[in-house]
Amino acid sequence: MPAWLSRSELLVGKEGIDRLQNAHVLVVGLGGVGSFAAEYICRSGVGEMTIVDGDVVDPTNRNRQLPALATNHGVSKADIMAERLIAINPELKLHVVKEFLTPDKCKEILETKFDYVMDCIDSVTPKLTLLSTAYEKGQRIVSSMGAGGKIDPTKLRVTDLFDTYECLFAHYIRKRGKKLGIKKGIKAVFSIEPVMKDSLILTDGSNFKRSAYGTISYLPAAFGGVCASVVIRDLLDYPIEITKRPANIRRKTALKSKSKDKE
């Protein structure tokens, strides 16, 4: 047992550490959510990881993304995270994919049977590509919903993708995902906090994004932590509290005022 995992062993036992060291986890997207999720997975003792991201560090990333520093603008996020993860665990078996997720690349990656797939993508089209392909192949998945426009980490919940609410991003994923054949079975991390709509800006459409919400340093990291906890607890067969969708909340999104939003 590596000495650096001794505190974790006190919590989950030698059998738990052995399970994690024998697991292979895929993390797609190394931004505000995925960078922290990947580090938490690595620090848990997971023995094999595949990380995927084709983006480079931008100055606007520094308020929330683990790899982003004033000294590395323009550098591959995947390269930065790879160096960091190996520095945490030199024995980690790490596979690095420095590409954006096209349908063909997604199929290629998911030819591997992972113990868990972590979807930390914040753009609709690549996210649906990953979710639909992984779902079709019977992979176990946890997916992060919208972390933008929100500030309260105590409002994060875990549920099935089709039981999410109070999240417009999740609505788009459910609506389009259903047409792609996705049904129940994907765990989603989402927030029941109403979004701050005044924080929305339009973008140039690069990286599959036409708009973006404002973000705060700790909220995407909190999403990453909950996503990582779902993976680790499932790998260890620990219970996960699943939030039930309130009966009075409709499944269709009504784009009304803040006080009346129920999606």
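Position 1 is the first residue of the sequence; numbering continues from there. These numbers come from the heavy atoms of this one structure, side chains and all, not from hydrogens, waters or symmetry mates. The model shown is predicted, which means the values in this text are computed figures rather than measured ones.
Looking at S123, its side chain never comes within 3.5 Å of a backbone N or O of P126 through a donor-acceptor pair. For T159 (side chain) and T243 (main-chain N/O), a donor-acceptor pair under 3.5 Å exists by modelled atom type.
The stretch residues 180-199 participates, sequence neighbours left out, in these ring-ring contact (aromatic ring centres under 6.0 Å, His included) pairs: Y165-F190. Here ring-ring contact (aromatic ring centres under 6.0 Å, His included) pairs that include residues 118-143, with residues two or more places apart or in two chains, number zero. For residues 7-44, the pairs satisfying ring-ring contact (aromatic ring centres under 6.0 Å, His included) are H24-H95, H24-F114, with sequence neighbours left out.
In this structure, CD in E48 is found 12.5 Å from SG in C42, a value given to the nearest 0.5 Å. Atom-to-atom distance recorded for I41:CD1 and L92:CG is 11.0 Å, nearest 0.5 angstrom. Rounded to the nearest 0.5 Å, atoms CG (L94) and OG1 (T50) are 7.5 Å apart. With rounding to the nearest 0.5 Å, the separation of CG in D160 from CZ in R174 is 10.0 Å. With rounding to the nearest 0.5 angstrom, the OG atom of S217 is 7.5 Å from the CG atom of N63.
The existence of a salt bridge linking D122 and K127 is excluded, since no basic side-chain nitrogen approaches an acidic carboxylate oxygen closer than 4.0 Å. A salt bridge links K77 with D55; the closest basic N to acidic carboxylate O contact falls under 4.0 Å. Note on K155 versus E166: no salt bridge recorded, every NZ/NE/NH1/NH2 to OD/OE distance being 4.0 Å or above. Looking at D163 and K244, no side-chain N of the basic residue comes within less than 4.0 Å of a carboxylate O on the acidic one, giving no salt bridge.
Looking at L30 and I51, their side chains come closer than 4.5 Å, going by heavy atoms from C-beta outward. Residues K150 and M196 fail the side-chain proximity criterion, which asks for heavy atoms closer than 4.5 Å. Between D119 and I186 there is no side-chain heavy-atom pair separated by less than 4.5 Å. Counting only heavy atoms from C-beta outward, the side chains of T112 and I109 never approach each other to under 4.5 Å. The side-chain heavy atoms of V52 and V27, taken from C-beta on, include no pair separated by under 4.5 Å. Residues T129 and L180 form no side-chain contact, since every pair of their non-hydrogen atoms from C-beta on lies 4.5 Å or further apart. Looking only at side-chain heavy atoms (C-beta outward), C106 and L101 come within less than 4.5 Å of each other.
Taking the salt bridge (Lys or Arg N to Asp or Glu O under 4.0 Å) definition, one finds that E193 meets it with nothing, sequence neighbours left out. With sequence neighbours left out, the salt bridge (Lys or Arg N to Asp or Glu O under 4.0 Å) criterion links R84 to E39. When the side chain to side chain contact (heavy atoms under 4.5 Å, CB included) test is applied to N22, no partner is found at least two apart in sequence or on another chain. Residues forming a side chain to side chain contact (heavy atoms under 4.5 Å, CB included) with T60 (at least two apart in sequence, or on another chain): D58. Qualifying salt bridge (Lys or Arg N to Asp or Glu O under 4.0 Å) partners for E83, counting only residues two or more places apart in sequence or in other chains: none. A188 is linked by a side chain to side chain contact (heavy atoms under 4.5 Å, CB included) to M145, L161, T164, counting only residues two or more places apart in sequence or in another chain. Every residue two or more places apart in sequence or in another chain was checked for a salt bridge (Lys or Arg N to Asp or Glu O under 4.0 Å) with E91, and none qualifies.
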Report, one line per pair, each donor and acceptor closer than 3.5 Å where one atom sits in a side chain of residues 218-234; sequence neighbours left out.
from, atom 1, to, atom 2, distance (Å)
Y218, OH, I151, O, 2.7
S229, OG, V226, O, 2.8
S229, OG, R233, NH2, 3.0
R233, NE, S229, O, 3.2
D234, OD2, Y116, OH, 2.4
D234, OD2, K187, NZ, 3.1

Would you mind writing out the side-chain donor-acceptor pairs for residues 2-17 within the sub-3.5 Å range, not counting sequence neighbours?
from, atom 1, to, atom 2, distance (Å)
S6, OG, A3, O, 3.0
K14, NZ, D18, OD2, 2.9

Checking side-chain contact (heavy atoms from CB on, under 4.5 Å) for the pair L131/S143: CA distance, chi angles, key distance, verdict? CA-CA 8 Å; L131 292 179; S143 179; 3.9 Å; yes
Set out, in order, the CA-CA distance, both residues' side-chain angles and the distance that settles side-chain contact (heavy atoms from CB on, under 4.5 Å) for L69 and R62, then state yes or no. CA-CA 6 Å; L69 305 172; R62 276 161 46 199; 5.6 Å; no
Working note: F162 + I182, criterion side-chain contact (heavy atoms from CB on, under 4.5 Å); need CA distance, chi angles, decisive distance, verdict. CA-CA 9 Å; F162 285 92; I182 299 174; 3.9 Å; yes
Working for side-chain contact (heavy atoms from CB on, under 4.5 Å), residues V25 and L235: CA-CA 10 Å; V25 175; L235 290 175; 4.3 Å; yes
Begin with the C-alpha distance, continue with both residues' side-chain angles, and end with the deciding distance and a verdict on salt bridge (charged side-chain N to carboxylate O under 4.0 Å, His left out) for K98 and D53. CA-CA 5 Å; K98 295 188 292 183; D53 198 303; over 6 Å; no
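Between M118 and A37, the shortest heavy-atom distance links the atoms CE-CB, 3.6 Å. Nearest heavy-atom pair across Y213 and S199 is CD2-OG, 3.5 Å. Taking each heavy atom of M81 and A38 in turn, the nearest pair found is CE-CB, 4.4 Å. Nearest heavy atoms, P67 versus I80: CB-CG2, 3.6 Å.
Hydrophobic clustering (side-chain heavy atoms under 4.5 Å, transitive across Ile, Leu, Val, Met, Phe, Trp, Tyr) groups L236 together with V158. Hydrophobic clustering keeps V96 apart from V56 (ILVMFWY residues linked when any side-chain heavy atoms are closer than 4.5 Å, directly or through intermediates). By the criterion of side-chain heavy atoms lying less than 4.5 angstrom apart, applied directly or through intervening Ile, Leu, Val, Met, Phe, Trp or Tyr residues, V75 is not grouped with L66; the two fall into different hydrophobic clusters. When hydrophobic clusters are built by joining Ile, Leu, Val, Met, Phe, Trp and Tyr residues whose side-chain heavy atoms come closer than 4.5 Å, directly or via intermediates, V124 is grouped together with I141.
By the neighbour-count criterion of 12 heavy atoms within 6.0 Å, atom NZ of K137 is densely surrounded, having more than that number from other residues, nucleotides or ligands.
Side chains of S191 and D152: no donor on one and acceptor on the other come within 3.5 Å.
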